[in-house]
Amino acid sequence: MRTDKTSRPKARLPRGLRDRGPAEIAAERRMLETIRQVYESWGFEPLETPALEYTDALGKFLPDLDRPNEGVFSLKDDDGQWLSLRYDLTAPLARYVAENFQNLPKPFRRYQVGQVWRNEKPGPGRYREFTQFDADTIGSASPAADAELLMMTCDALEALGLKRGEYVVKMNSRRLVDAVLEAANIEPSKRGVVLRAVDKLDRLGVDGVRSLLGKGRKDESGDFTRGADLASDQIELVLAFIQPSISAVSSRFDATWDVAFGASSTDIGEQGQAEIRDAVQIARKCGYSGDQILYDPAVIRGLEYYTGPVFEAQLTFPVANEAGETIIFGSVAGGGRYDDLVARFTGQQVPATGISIGVSRLLSAVRQRSDAALSPLVIVLTMDDSAGSFAMARELREAGLRAEAYVGTRKFGDQLKYADKRGAAIAVIEGADERAAKKVTLKDLKRGAELSKAIESREQWLGERQAQATVDRERLVQEVSAMLKRGRW
RNA sequence: GCAGCUGUAGCUCAGUUGGUUAGAGCGCUGGAUUGUGGAUCCAGAGGUCGGUGGUUCGACCCCACCCAGCUGUACCA
């Protein structure tokens, strides 16, 4: 094809999306498999739903407008109906449950993993496509269902190699928060602003939250954000409520009851306290300690659909970003109770609770500590006998190794370049000389690279034939295995 | 959305107070080596200087607008 230079498309990735290579794929696969095993062992069963749903089923039509919310990627079907890419796994679950309600066991407990898409501005570590791993229980109002999710999240994080103290799973109740706002005489119209300010505690600190509860706050770029404009006694009351979170006391759960003020005197405050207490106490009795599962009054989550308990898991160790700076790493999992979601379809209230692990985020944090890699690769170079190369590769594969025969058309030197670029461990060479002698040459590419650092002159480079050995063709598998072992691949 | 910063080769960047054929390193391709990657040397390809308009004898450089990217912030199921 011939293209006019000006009409050629620019090869570029849409913003906020990314390509992923073998190392990350391997790491994610391992992570997903680990979580999956934990969730299945708890008796949750898998479910898959499509990436596209009708926009109205996702609940993302703009009010009054015949057009989807901008935050979702949408397209119009042939028949004029709007479809959207799912922005989480919970809305499709609600649709699925509503559609199959009769046939499902109640409580219905399922896990689901998949990509979700959000049409938002991407930032460092925030993409427009990412992977979530969800577990939800539909049809149980019991705190046992919430406790189970908290405990199972701990198990999953530990199965992924996190140690005690490297993570916390936090719980709060929106009912309790609402009761406190009421006790502080905060107008309902300011509820959203106040909650959002509290939610930013971990990122902006107490002073940031105080500014946002008051007049407002100016950020690093000089932009100004208006605050809730509360009276100072109201501000102090809210700050006192979230104090256990600020001071990071280890026994936050016990501190709850002292700081909830008159909140407990209202029904809603009582209820909020109870749902936290009951769930956390179940976890305690099951052996989950206060540094694993705890109450944190500053956990808020999204405003739209959570009705009571909210959950959030965080890492407690420092995480470096791409630039090598230590950053505050936000939550790696979040969720809560959403008792109204199924009712959107059926009109019936169905209690539901769930938690979602942000796999992409968790992966980027954990991968800095242990890099998963594919197993070492053996590449059989091809001189003049493709079938022979394939035969050797097959022998190696049958011995459980990862092996490929070179299928390009380039000359020998270039084949080695290829093997080098692929990061192969060993190149297998069988030319005319070897074949006549029933031998093969094995080249240890990693060791060869190390040895080459000492080479100074062209003559020396030409003369060297290091890090390789010629062995009997019959002993191919044994010799390759031995070389891999020696190189500690 | 708001604010700040930045757009020069595939990548990272240099480019003097506005001056004629826009450079470097890395990468890429070829060669030194028709059976040796990784070292070294030689040669080569690769650019509408983000776009449009303006100022000027003359613009990569100055001005305006637009676009894109980055960072912060807002929103975030």
Side-chain angles (χ1 to χ4, degrees), chain A residues 4-6 8 10-16 58-60 69-72 84 86-94 116-124 126 128 132 192-193 196-197 199-200 203-204 208 212 216-227 300-306 321-323 325 330 334-336 338 341 344 354 356 379 381-384 410-424 426-427 429-435 441-468 470:
Chain A
D4 182 3
K5 188 164 183 179
T6 55
R8 280 183 218 152
K10 189 170 164 64
R12 65 199 180 115
L13 203 51
R15 107 202 139 97
L58 295 179
K60 281 298 153 185
N69 186 304
E70 288 168 7
V72 297
S84 296
R86 64 188 178 200
Y87 55 85
D88 69 9
L89 300 175
T90 309
L93 171 65
V116 301
W117 294 267
R118 295 185 187 180
N119 191 7
E120 292 166 359
K121 189 194 151 185
R126 284 191 62 157
R128 298 201 296 175
Q132 288 194 328
V193 193
R196 282 191 290 268
D199 194 42
K200 294 181 175 68
R203 197 156 43 85
L204 301 182
L212 285 174
R217 173 179 176 273
K218 197 186 274 190
D219 70 45
E220 287 168 36
S221 70
D223 190 32
F224 186 77
T225 307
R226 265 192 59 198
I300 298 293
R301 308 294 307 164
L303 300 182
E304 228 165 286
Y305 64 55
Y306 292 119
N321 64 11
E322 287 128 30
E325 301 151 336
Y338 48 98
L341 219 55
R344 283 203 323 111
S356 173
I379 293 184
L381 306 191
T382 298
M383 313 299 282
D384 50 10
R410 313 201 61 188
K411 63 185 182 186
F412 185 50
D414 292 320
Q415 294 193 30
L416 273 169
K417 279 189 188 177
Y418 166 81
D420 185 44
K421 202 160 239 178
R422 288 290 309 277
I426 295 177
I429 302 159
E430 188 204 43
D433 297 347
E434 283 92 347
R435 195 172 308 119
T441 297
L442 306 183
K443 187 169 180 102
D444 182 333
L445 296 171
K446 191 168 84 171
R447 185 158 159 67
E450 280 163 15
L451 292 173
S452 75
K453 285 175 192 154
I455 296 178
E456 312 232 317
S457 72
R458 185 174 132 68
E459 288 63 37
Q460 190 186 0
W461 182 80
L462 283 174
E464 298 289 344
R465 286 292 179 275
Q466 286 181 312
Q468 63 183 57
T470 299

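Note that this is a predicted model, so its numbers are computed, not measured. The sequence lines fix the lettering, A, B, ..., with proteins before strands; numbering per chain opens at 1.
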| Out of A77(B), G37(B), G72(B), which nucleotide sits closest to the side chain of K443(A)? | G37(B)
| Does E220(A) get its side chain close enough to the base of U73(B), under 3.5 Å, for a donor-acceptor pair? | no
| So what does E120(A) hit on the nucleic acid, given a heavy-atom distance under 4.0 Å: a base, only sugar-phosphate, or nothing? | base
| request: May I have the distance from F412(A) (atom CZ) to U33(B) (atom P), rounded to whole angstrom? | output: 17 Å
| field | Integer angstrom distance from the P of U6(B) to that of C13(B) | value | 13 Å
| said: In whole Å, measure the gap between the P atoms of C41(B) and A59(B) for me. | reply: 41 Å
| said: Applying a 4.0 Å non-hydrogen cut-off, can you work out what K200(A) is touching in the nucleic acid: base, sugar-phosphate, or nothing? | reply: sugar-phosphate
| query | What nucleic acid atoms does G431(A) come within less than 4.0 Å of, heavy atoms only: base, sugar-phosphate, or nothing? | reply | base
| message | Let's see if you can work this out: which of U36(B), A77(B), G37(B) has an atom nearest to the side-chain heavy atoms of L445(A)? | response | G37(B)
| said: Suppose you measure atom P in U33(B) against the same atom in A24(B); what distance do you get, rounded to whole Å? | reply: 27 Å
| request: Looking only at non-hydrogen atoms, find the nearest pair between T90(A) and L341(A) and report the distance. | output: CG2-CD2, 3.6 Å
| For R128(A) and A77(B), what is the distance between atoms CZ and C1' respectively, to the nearest whole Å? | 17 Å
| message | Just N and O in the side chain of R203(A): are any of them under 4.0 Å from OP1 or OP2 of U73(B)? | response | yes
| field | salt bridge (charged side-chain N to carboxylate O under 4.0 Å, His left out), paired with E120(A), selected from R15(A), R126(A), R128(A) | value | R126(A)
| message | Looking only at the side chain of E434(A) (C-beta and beyond, no hydrogens), which of the listed nucleotides G72(B), G35(B), C76(B) gets closest? | response | G35(B)
| request: Kindly indicate whether the side chain of L89(A), heavy atoms from C-beta on, has any atom under 4.5 Å from the side chain of V116(A). | output: yes
| said: At less than 4.0 Å, is any side-chain N or O atom of K417(A) found next to OP1 or OP2 of G30(B)? Yes or no. | reply: no
| task | State whether R226(A) places a side-chain N or O below 4.0 Å from either non-bridging phosphate oxygen (OP1 or OP2) of C2(B). | result | no
| query | Any sub-3.5 Å donor-acceptor pair from Y338(A)'s side-chain atoms to G354(A)'s backbone N or O? | reply | no
| query | With respect to the side chain of K121(A), which nucleotide from U36(B), U73(B), A77(B) is positioned closest? | reply | U73(B)
For nucleotides 4-8 of chain B, which of its nitrogen or oxygen atoms have a protein nitrogen or oxygen under 3.5 Å away, and what is each distance?
none

| task | Can you tell me, in whole Å, how much space there is between the C1' of C28(B) and that of G10(B)? | result | 8 Å
| Interatomic distance, D414(A) CG vs G35(B) C1' [rounded to whole Å] | 12 Å
| With sugar-phosphate meaning primed atoms plus P, OP1 and OP2, does R196(A) contact a base, only sugar-phosphate, or nothing at under 4.0 Å between heavy atoms? | sugar-phosphate
| request: Check the distance between G37(B)'s P and I426(A)'s CD1 and give it to me in whole angstrom. | output: 18 Å
| Looking only at atom P, what distance separates A9(B) and U55(B), rounded to whole Å? | 28 Å
| Any R15(A) side-chain nitrogen or oxygen under 4.0 Å from OP1 or OP2 of G69(B) | yes
| request: Remember a base hit wins even if backbone is also touched, and classify R126(A) as base, sugar-phosphate or nothing at under 4.0 Å, heavy atoms. | output: base
| message | So L416(A) and L445(A), do their side chains get closer than 4.5 Å, heavy atoms only? | response | yes
| message | Can you check the distance between U17(B) and C75(B), where both ends of the measurement are the C1' atom (answer in whole Å)? | response | 47 Å
| Across the strands shown, which category fits K218(A) at heavy-atom distances under 4.0 angstrom: base, sugar-phosphate, nothing? | nothing
| message | Nearest whole Å is fine: how far is U36(B) C1' from L442(A) CG? | response | 14 Å
| field | Pairwise distance CG(N119(A)) to CG(N69(A)) - rounded to 0.5 angstrom | value | 9.5 Å
| query | Base, sugar-phosphate, or nothing: which does A427(A) touch, judged by heavy atoms less than 4.0 Å apart? | reply | nothing
| remark: Quick note, I429(A) side chain, CB onward, closest among U73(B), G37(B), G35(B) is G35(B)
| task | Report the nucleotide, chosen from G37(B), C2(B), U36(B), that has the shortest atom-to-atom distance to any side-chain atom of D420(A). | result | G37(B)
| task | Please measure how far the P atom in U48(B) lies from the corresponding atom in G58(B), and state the result in whole Å. | result | 24 Å
| task | Kindly compute the distance separating OG1 (T470(A)) from CG (L442(A)), expressed to the nearest 0.5 Å. | result | 8.0 Å
| request: Please examine the side chains of I379(A) and Y418(A), heavy atoms only from C-beta on, and report whether any two atoms are closer than 4.5 Å. | output: yes
| field | Atom pair distance, as rounded to whole Å: CD1 in I300(A) and C1' in A77(B) | value | 16 Å
| query | Expressed in whole Å, how much space separates the C1' atoms belonging to G15(B) and U8(B)? | reply | 9 Å
| said: I need the L381(A) CG to T441(A) OG1 distance, nearest 0.5 Å. | reply: 10.0 Å
| message | Please report the distance, rounded to the nearest Å, between OH in Y338(A) and C1' in A77(B). | response | 12 Å
| query | With a non-hydrogen cut-off below 4.0 angstrom, is D433(A) in contact with a base, only sugar-phosphate, or nothing? | reply | base
| message | With a 4.0 Å limit, can you tell me whether R410(A) has a side-chain N or O closer than that to the phosphate oxygens OP1/OP2 of G30(B)? | response | yes
| query | Is Y87(A) touching bases, backbone alone, or none of the nucleic acid, heavy atoms closer than 4.0 Å? | reply | base
| remark: Note, RNA chain B 5' to 3' with Watson-Crick or G-U pairs under 3.5 Å encoded as ( ), [ ], | and . gives (((((((..((((.....[...)))).(((((.......))))).....(((((..]....))))))))))))....
